[in-house]
**Student:** 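Handing you this structure, nothing more for now.
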Amino acid sequence: MKKEILNKAKELMEMLLEEEKKGNVRLSEIPVGGKFDTGIGRFIVLEQKGEKTAVITEELYRKDVRFDDDSNEYFTSELSDLFEEEIFPEFKEEFGAENLCDATTSLVTVDMQNKDEELHAKARPLTFEEARKYNELLVNKDLPDWYWTCTAWSTEERGWPYSVAVVSPVGIVGDNGCGCSYGVRPFCILKSNIFVSKVEED
């Protein structure tokens with residue numbers, strides 16, 4: 001039993017040394033606002049929460065994407081299908097399914113309707129509230145377009161069946177029709193103990 005423990009400890013030390021040689025660090029060591037590179041793009045650390053780290057892509061991960069043809073409800077939207085069928089599988093391949101944390105978020109509208117609607121997803125757009133919370137960290141003036149959140153501006157009952165909250169490159173949060181085409185900037189929560197390639201700031 002002791003021999004097995006020693007062997008596992010040795011393997012762990014060898015792995016840590018190998019990662020250090022590559023210049024990689026644990027994700028938990030990157031401060032809020034810090035960045036790291038992956039095979040699918042560069043990410044920004046938005047929040048360190050114990051054993052979990054909230055991150056978002058620095059650039060648009062997809063361009064010219066329509067939210068939906070005729071509805072601002074994320075659950076049934078074309079954007080939701082894009083995340084489920086394309087983006088999440090790509091994130092899973094890059095980070096490993098076991099390192100993507102399942103998180104529940106509210107889909108309450110900007111004007112506080114549909115408070116009971118919740119989204120369970122491991123990769124998704126930001127919500128309106130997250131766009132406000134992390135606003136300063138999201139600014140990237142080099143982005144070529146605004147990008148979608150998953151938050152409806154209001155409801156059909158209130159006369160707003162098509163408007164969705166969107167974010168500009170400089171962090172302005174506004175609304176526009178679901179049939180428009182904007183960028184996609186995925187948000188996810190990762191386990192903090194994974195190794196990543198830290199970007200050294202100038």
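Along the sequence shown, residues are numbered consecutively beginning with 1.
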**Student:** Return the OH to OG distance between Y162 and S154, rounded to the nearest 0.5 Å.
**Tutor:** 13.5 Å
**Student:** Do K133 and E47 have side chains that approach each other closer than 4.5 Å (heavy atoms only, starting at C-beta)?
**Tutor:**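 In short, these two side chains touch, coming nearer than 4.5 Å.
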**Student:** Do Q48 and T53 have side-chain N/O donor and acceptor atoms under 3.5 Å apart?
**Tutor:**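 Checked: Q48/T53 side chains pair up, N/O donor to acceptor below 3.5 Å.
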**Student:** How about CD on E29, more than 12 heavy atoms from neighbouring residues, nucleotides or ligands closer than 6.0 Å, or not?
**Tutor:**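 It does: E29 CD has more than 12 such atoms within range.
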**Student:** From C188 SG over to K122 NZ, what is the distance, rounded to the nearest 0.5 angstrom?
**Tutor:** 11.0 Å
**Student:** Kindly write out the residues that satisfy salt bridge (charged side-chain N to carboxylate O under 4.0 Å, His left out) with K52, not counting sequence neighbours, or none if the list is empty.
**Tutor:**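 Once residues adjacent in sequence are excluded, K52 has no partner under the salt bridge (charged side-chain N to carboxylate O under 4.0 Å, His left out) criterion.
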**Student:** Could you pull out the closest heavy-atom pair between V110 and A165, with the gap in Å?
**Tutor:**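 Closest approach of V110 to A165: CG2-CB, 4.2 Å.
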**Student:** Could you pull out the closest heavy-atom pair between I87 and P186, with the gap in Å?
**Tutor:**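 Scanning both residues, the minimum pair turns out to be CG2-CG, 4.0 Å.
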**Student:** In Å, rounded to the nearest 0.5 Å, how long is the span from OG of S71 to CD of E78?
**Tutor:**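 So the gap between those two atoms works out to 10.0 Å.
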**Student:** Kindly give the heavy-atom pair with the smallest separation between G183 and D145, and that separation in Å.
**Tutor:** N-OD2, 4.3 Å
**Student:** Below 4.5 Å, heavy atoms only, C-beta onward: do P31 and V45 meet side chain to side chain?
**Tutor:** no
**Student:** Working to the nearest 0.5 angstrom, can you tell me the gap between D142 CG and E58 CD?
**Tutor:**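 The CG atom of D142 sits 8.5 Å away from the CD atom of E58.
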**Student:** Evaluate F36 against F43 for ring pair (Phe, Tyr, Trp, His ring centres under 6.0 Å), listing each step before the verdict.
**Tutor:** CA-CA 5 Å; F36 62 97; F43 285 76; 5.5 Å; yes
**Student:** Do I56 and L138 come within less than 4.5 Å of each other through their side chains, counting heavy atoms only?
**Tutor:**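 I56 reaches L138 side chain to side chain.
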**Student:** Return a table of donor-acceptor pairs under 3.5 angstrom between the side chains of residues 88-96 and protein atoms on other chains or two or more places apart.
**Tutor:**
residue, atom, partner, partner atom, Å
E90, OE1, Y61, OH, 2.7
E90, OE1, R62, NH2, 3.4
E90, OE2, R62, NH2, 3.0
E94, OE2, G39, N, 3.1

**Student:** Do V167 and T149 have side chains that approach each other closer than 4.5 Å (heavy atoms only, starting at C-beta)?
**Tutor:**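 In contact.
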**Student:** Who passes side-chain contact (heavy atoms from CB on, under 4.5 Å) against T105, sequence neighbours left out?
**Tutor:** L119, R124, T127, E130
**Student:** For a 4.5 angstrom cut-off between non-hydrogen side-chain atoms, does N135 reach V173?
**Tutor:** yes
**Student:** Using every non-hydrogen atom in the two residues, find where W160 and D175 come nearest and quote the distance to one decimal.
**Tutor:**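 Distance-wise, the nearest heavy atoms are CZ3-OD2, 3.8 Å.
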**Student:** Please, which pairs that meet ring-ring contact (aromatic ring centres under 6.0 Å, His included) have at least one residue in residues 68-87, sequence neighbours excluded?
**Tutor:**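 Residue pairs passing ring-ring contact (aromatic ring centres under 6.0 Å, His included), neighbours aside: none found.
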**Student:** Do W146 and P169 touch side chain to side chain, with heavy atoms closer than 4.5 Å?
**Tutor:** yes
**Student:** So, using salt bridge (charged side-chain N to carboxylate O under 4.0 Å, His left out) as the criterion, who are the partners of E117 when residues are at least two apart?
**Tutor:** none
**Student:** Do the non-hydrogen side-chain atoms of L126 and R185 ever get within less than 4.5 Å of each other?
**Tutor:**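 Not touching, per the 4.5 Å side-chain cut-off.
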**Student:** Which distance, rounded to the nearest 0.5 Å, do you find between the CZ of R66 and the CH2 of W148?
**Tutor:** 10.0 Å
**Student:** For a side-chain contact (heavy atoms from CB on, under 4.5 Å) check, start with the C-alpha distance between L143 and E59, then their side-chain angles and the critical distance, and finish with the verdict.
**Tutor:** CA-CA 6 Å; L143 293 179; E59 304 293 336; 3.8 Å; yes
**Student:** Kindly give the heavy-atom pair with the smallest separation between L46 and V32, and that separation in Å.
**Tutor:**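 Smallest heavy-atom distance, with atoms named: O-CG1, 3.5 Å.
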**Student:** Given the rule in the side-chain contact (heavy atoms from CB on, under 4.5 Å) test, do T76 and D68 qualify, once you have shown the distances and angles that lead to the verdict?
**Tutor:** CA-CA 8 Å; T76 59; D68 193 71; 5.8 Å; no
**Student:** Measure across T151 and V108 and return the closest heavy-atom pair with its distance rounded to 0.1 Å.
**Tutor:**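 For T151 and V108, the tightest heavy-atom pair comes out as CG2-O, 3.4 Å.
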**Student:** Quick check on E98: does its CD atom have over 12 non-hydrogen neighbours (other residues, nucleotides or ligands) under 6.0 Å away?
**Tutor:** yes
**Student:** If only atom types and distance count, is the side chain of N72 paired as donor or acceptor with the main-chain N or O of S163 below 3.5 Å?
**Tutor:** yes
**Student:** What I'd like to find out is whether the side chain of T155 reaches to under 4.5 Å of the side chain of T109, using heavy atoms alone.
**Tutor:** yes
**Student:** Do V199 and V139 land in one hydrophobic cluster if side-chain heavy atoms of ILVMFWY residues count as linked below 4.5 Å?
**Tutor:** no
**Student:** If I take atom OG from residue S80 and atom CD from residue E73, how far apart are they, to the nearest 0.5 angstrom?
**Tutor:** 11.5 Å
**Student:** Which residues pass the salt bridge (charged side-chain N to carboxylate O under 4.0 Å, His left out) test with D37, not counting sequence neighbours?
**Tutor:**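 For D37 the salt bridge (charged side-chain N to carboxylate O under 4.0 Å, His left out) partners, ignoring immediate neighbours, are R42.
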